[in-house]
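Note that this is a predicted model, so its numbers are computed, not measured. Naming convention: chains lettered A, B, ... in sequence-line order (proteins, then strands); numbering from 1 in each chain.
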Amino acid sequence: MEFNFRAIEERAREIWAKQRVFQAKLDHARPKYYVLDMFPYPSGAGLHVGHPLGYIGSDIIARYKRLKGFNVLHPMGYDSFGLPAEQYAIQTGQHPAITTEKNINTFRGQMDKLGFSFDWDREVRTSDPKFYKWTQWIFIRLFHSWYNVKADRAEAIETLISHFEKNGTEGLTLEDTQQPFSADQWKNYTEKEQSTILLHFRLAYIADSWVNWCPALGTVLANDEVKDGVSERGGYPVERKLMKQWSLRITAYADRLLKGLEEIDWSESIKESQRNWIGKSEGCSVQFKVVKEDNTTHTIEVFTTRPDTIFGVSFITLAPEHELVAQITTADYRNAVSDYVTYATNRSERDRMADVKKITGQFTGAYVIHPFSGKKLPVWIGDYVLAGYGTGAVMAVPGHDARDYAFAQFFEKELTEQLGHHPIVEVISGGDLSKEAYAAKDGICVNSDFLNGLPVKEAIRRAIKEIETKEIGAGKINFRLRDAIFGRQRYWGEPIPIYYDEEGIPRTVDEKDLPVLLPEVDKYLPTEDGEPPLARASNWKYKGKYEYELTTMPGWAGSCWYYLRFEDPKNEHAFASKEAIDYWQQIDFYLGGDEHATGHLLYFRFWTKFLFDLGLIPFEEPAKKLLNQGKIQGVSQKLFVTGISFDYRRDQKKPPLSIPSKFGKFEIPNSEDFLDPKYVNLTRINKILYTPNEEIEQYFDNVEESNSIEQNVPIEFVQDNVVNLSAYLASPIGSDLEYSLFLTDGGYWFRNKFYRQNNGSDQVITKSVPEKMSKSKYNVINPDEVIGEYGADAFRMYEMFLGPIEQHKPWDTKGIDGVYRFLKKMWKLFYDEEGQWLVTNEAPSPEERKVLYRAIKKVAEDVERLSFNTSVSAFMICVNELTQLNCHKKEVLESLLIILSPYAPFVTEYLWEQLGHSSSIVKAVYPEYDASLLVENAFEYPVAINGKTRVKLNFALDLTNEQIEREVISNEALQKYYDGKTPKKVIVVKGRMINIVV
RNA sequence: GCCCUGGUGGUGGAACUGGUAGACACGCAGGACUUAAAAUCCUGUCGCCCGCAACGGCGGUGCGGGUUCGAUUCCCGCCUGGGGCACCA
């Protein structure tokens, strides 16, 4: 038979289905191994070639571990709640559940083609009520829990209530915003008051949070949906607004999330990102008293990591949202301050951040007293200070903090006037303050009273001590991690299992009433008065009378715990049985993209720790080992577009555009004589697109008001960077460009006709740019086509062969022929050209064994260190050598099939059956090898003189270094390199190389 | 601005702990087979120089230094591509 991958794949699939080889069952006799991929969001575009990269990697691991005797759990599911389905529903009115179902079917079909060894009996979908029942159940547990700081774990809220009843807040760690009370006070509070207090402790709670509110869309927007203060879609104004939002108290776990990183085998870069995100900083709080003419007293509390620079403080900056702003602003500044606050609060955080160079601020008219020097310091507001971090106030030390430095320089004049001296003061020696702030934590204190002469570290300790003695602050640890907002004004998500009683107290739905099903609505939009879509549900009341919470959970809710559900996916009495959890435990190997570094990967660690605290699972970290696979990028084909023609239509007085180029002068049409009026009506030109040509580009960049942007041409209309213009213009996407000009070196195209200008080319050339593969960039490559042409085995091997799995790389099919040829070559070890079976039962020669053993060893080592690309090379070398040796021996080929089967499961399964096995190759055992056969007894040493390799000499490996040294020194061939001198030293590294120093 | 990554032939990449730089492929060139094409097989392929040839010389892993008998690998300082971000006091 000839190599026919279609028939092969079909047969292999039959075997797998019949023998149910991928089904995972509890088996205490075998060690377990849990391999998991981050499950996909089933988008409408289907799988592209970038998706499978990680899935192939995890599949190789799963199949390899099975061969090594592990009981492997390798499930797959869908993160099926999410925004795109909802957007689509809003546009078309179709229920998101329907589109989601459709998309899942597409995904499933594509994944099956690739031969993944998933146990599909365990599939989960986060949008399935049977699944989200338990997401809601865990939410309820979060609501009924608080974080006991002393015990350093979450506990049932009842333990807190009984503490309140006995001791009030005595002995508890309170946040700044919480007022202490006694046991008696607690007992006298109304139920409503008690419930409000408890919300300050619950791990799921409702509180005011700053959000980007878009009144026109009636919804809250994410940072990246806001551009320049308006919504990205529609361009409606967006304002910062305090809104009641459900949140999760992840900050309670900040320290444990940080410490837990030490015990997990994740890449350093991911751990580093999480550390930065959690952002533990040690410092202290300091209070500054506000001076005011009237008798009001206000204190501004700041948090600083650099109390050693306290004598360098020259002003205080408050966040625009800071609650004291209104109270301390003096009459003279009231208008200016309120204008500034309006301006600043309406910029999104993303805008504030993107725009670091733009310095803005406003003086409040108020002053504070420096607690040590007694000097008056002005109080400013500035949007470089964020309300949500620390206390929302900074003691500005321009000499030793870069942002304060920039601010002080910008407002130098006013600050100098207010202070009576220049705002930049040196208090740590070591830098040059005329150029930049000296922010290093290194140096000696100067101009600092009692800190003078102390090095930074000691000064920090001393300053905190003094601050505590004066009772104006205390040493404090701060985290930048913020609580996670958990409510969304959306439809397509898990309903939050909360209702409000007659008094408006939030209560959890009884567990027996779970799941709270997502109700039907007439439209998926917010209501006219800005309520979330769930408000549209008619007669949707708990127990027929109570109002439900109307927001839904965010897209990432289900992913916080889904890995546990895979262990026991059909359980109706618990999220998973104790037996299943005790056996499968946490994930041994987790694969996914590094874009989840600080979102999903942090939240799912948080939920795991919480479930551990409740005693529901016996481990604290969800995934022992993590691999971030890189993304396969698409290659976009870009033309540049300028809107200049629009200016021309409005302003005919501009001079003709002409670009000097190496092809002569290049004229851009703006007059009737350039454009043949018979064909071209100037006012109909809608776009000018041009080839990436430095001269043209530069020209447009220099033209005022012109904006040069990139336009992606769908890859199917481009070959070797040349656009097939007529096909492009005839397509639906290109039809918009009918009245566009396409500039080339030699002239321009208009309505598919070329008008020559110069001697250059008439080809429209694109620039190839690798970027994210996405439907909207017209650069998507669907795996189906590639699989259709080369088969799934070749596809799998090629994706692995492309390079290290964790690296990002552009997709390019150029090399796929290599692995395809390899598969055919391997096939030829089994069948000759005429399709005759070649395999014999002869015993292999030592040489043939050696070739095989080398491959067995190399491939196993490579899988263990996740170097899949190099094991593909090892297979190629092995097959090349066996071909050379003309080896068709069953013993060798059988082992070869086993080690190759994780990579190319179809063809190996097929040939395995042909070898006479009735049980699937998946059930085979990874072959052993005889290490003694691989031991060489001699080695050809490269001999270097002064580090430069000159000759190669063969020595037995059992010679001592001294023996080799003697041989080398007396060697004739080397004499000419000594240049008359005698060798000083000979370095012999056994089995590696020899170096002679002359 | 900050954080994380990467930079090796025409291309993807290899070199795992400081020890022969360029494995394995793609592409290209030449050849064999064929009426021809496809497929397959063989040879060559980092650059420059000398030469009949060499198992000859020189240079070479983004750039400049350093450590070392020896550096793609370690250290310092730059340049540059990609990705991310919540200006984190």
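If you check rC16(B), rC87(B), rG13(B) against the side chain of Lys809(A), the one that comes closest is rG13(B). Among the nucleotides rC24(B), rA14(B), rA86(B), the one closest to any side-chain atom of Pro804(A) is rA14(B). For Lys824(A), counting side-chain heavy atoms from C-beta on, the closest listed nucleotide (rA39(B), rG27(B), rA89(B)) is rA39(B). Residue Arg403(A) has its side chain nearest to rC87(B) when only rG19(B), rC87(B), rA23(B) are considered. The listed nucleotides are rA39(B), rA23(B), rC26(B); the one nearest the side chain of Arg821(A) is rC26(B). Distances were taken from every side-chain heavy atom of Lys814(A) (C-beta onward) to each of rU11(B), rA14(B), rC87(B); the shortest belongs to rU11(B). The listed nucleotides are rA86(B), rA25(B), rG19(B); the one nearest the side chain of Asn880(A) is rA25(B). For Ile877(A), taking side-chain heavy atoms from C-beta onward, the closest of the listed nucleotides rA23(B), rC87(B), rA89(B) is rA23(B). Comparing rC24(B), rA86(B), rC87(B) by their closest approach to the side chain of Trp277(A) singles out rA86(B). Residue Ser873(A) places its side chain closer to rA23(B) than to any other of rA23(B), rC4(B), rG13(B).
Nucleic acid contact class of Ile987(A) (heavy atoms, under 4.0 Å, all strands): base. Heavy atoms of Ser273(A) sit nowhere under 4.0 angstrom from any nucleic acid atom. Heavy atoms of Lys271(A) sit nowhere under 4.0 angstrom from any nucleic acid atom. Residue Met876(A) is in sugar-phosphate contact alone, with no base atom involved, counting any heavy-atom pair closer than 4.0 Å across all strands shown. Using a 4.0 Å heavy-atom cutoff across all strands shown, Thr317(A) reaches no nucleic acid atom at all. Using a 4.0 Å heavy-atom criterion, one finds that Phe801(A) contacts the bases of the nucleic acid, with or without backbone contacts as well. Within the nucleic acid shown, Lys280(A) has no heavy atom closer than 4.0 Å to any nucleic acid atom. If you check every strand for non-hydrogen atoms under 4.0 Å, Asn869(A) touches sugar and phosphate atoms only.
We find that CD of Glu272(A) is positioned 19 Å from P of rG84(B), with the value rounded to whole Å. For Ile994(A) and rG18(B), the CD1 to P distance is 22 Å, given to the nearest whole Å.
Between Arg306(A) and Ile428(A) the shortest side-chain heavy-atom distance falls below 4.5 Å.
Counting non-hydrogen atoms of other residues, nucleotides and ligands closer than 6.0 Å to NZ of Lys857(A) gives a total of 12 or fewer.
rG9(B): glycosidic angle within 90° of 0, hence syn.
Comparing Glu833(A) and Asn478(A) by the nucleotide of RNA chain B that holds the closest heavy atom to each, the one mapping nearer the 5' end is Glu833(A). When the nearest nucleotides of RNA chain B are assigned to Phe303(A) and Asp862(A) by heavy-atom distance, the more 5′-ward of the two goes with Asp862(A).
Under the 6.0 Å cut-off for aromatic ring centres, His370(A) and Phe311(A) qualify, their centroids lying closer than that. A distance of 6.0 Å or more separates the ring centres of Phe822(A) and Trp827(A). Two rings, from Phe795(A) and Tyr790(A), have their centers 6.0 Å or more apart.
Gln807(A) has no side-chain polar atom (N or O) that falls below the 4.0 Å cut-off from OP1 or OP2 of rG82(B). In this model, the phosphate group of rC16(B) is not approached by any side-chain N or O of Ser867(A) to a distance below 4.0 Å at OP1 or OP2.
The backbone N or O of Ile632(A) lies less than 3.5 Å from no partner atom in the side chain of His808(A), so there is not a single donor-acceptor pair.
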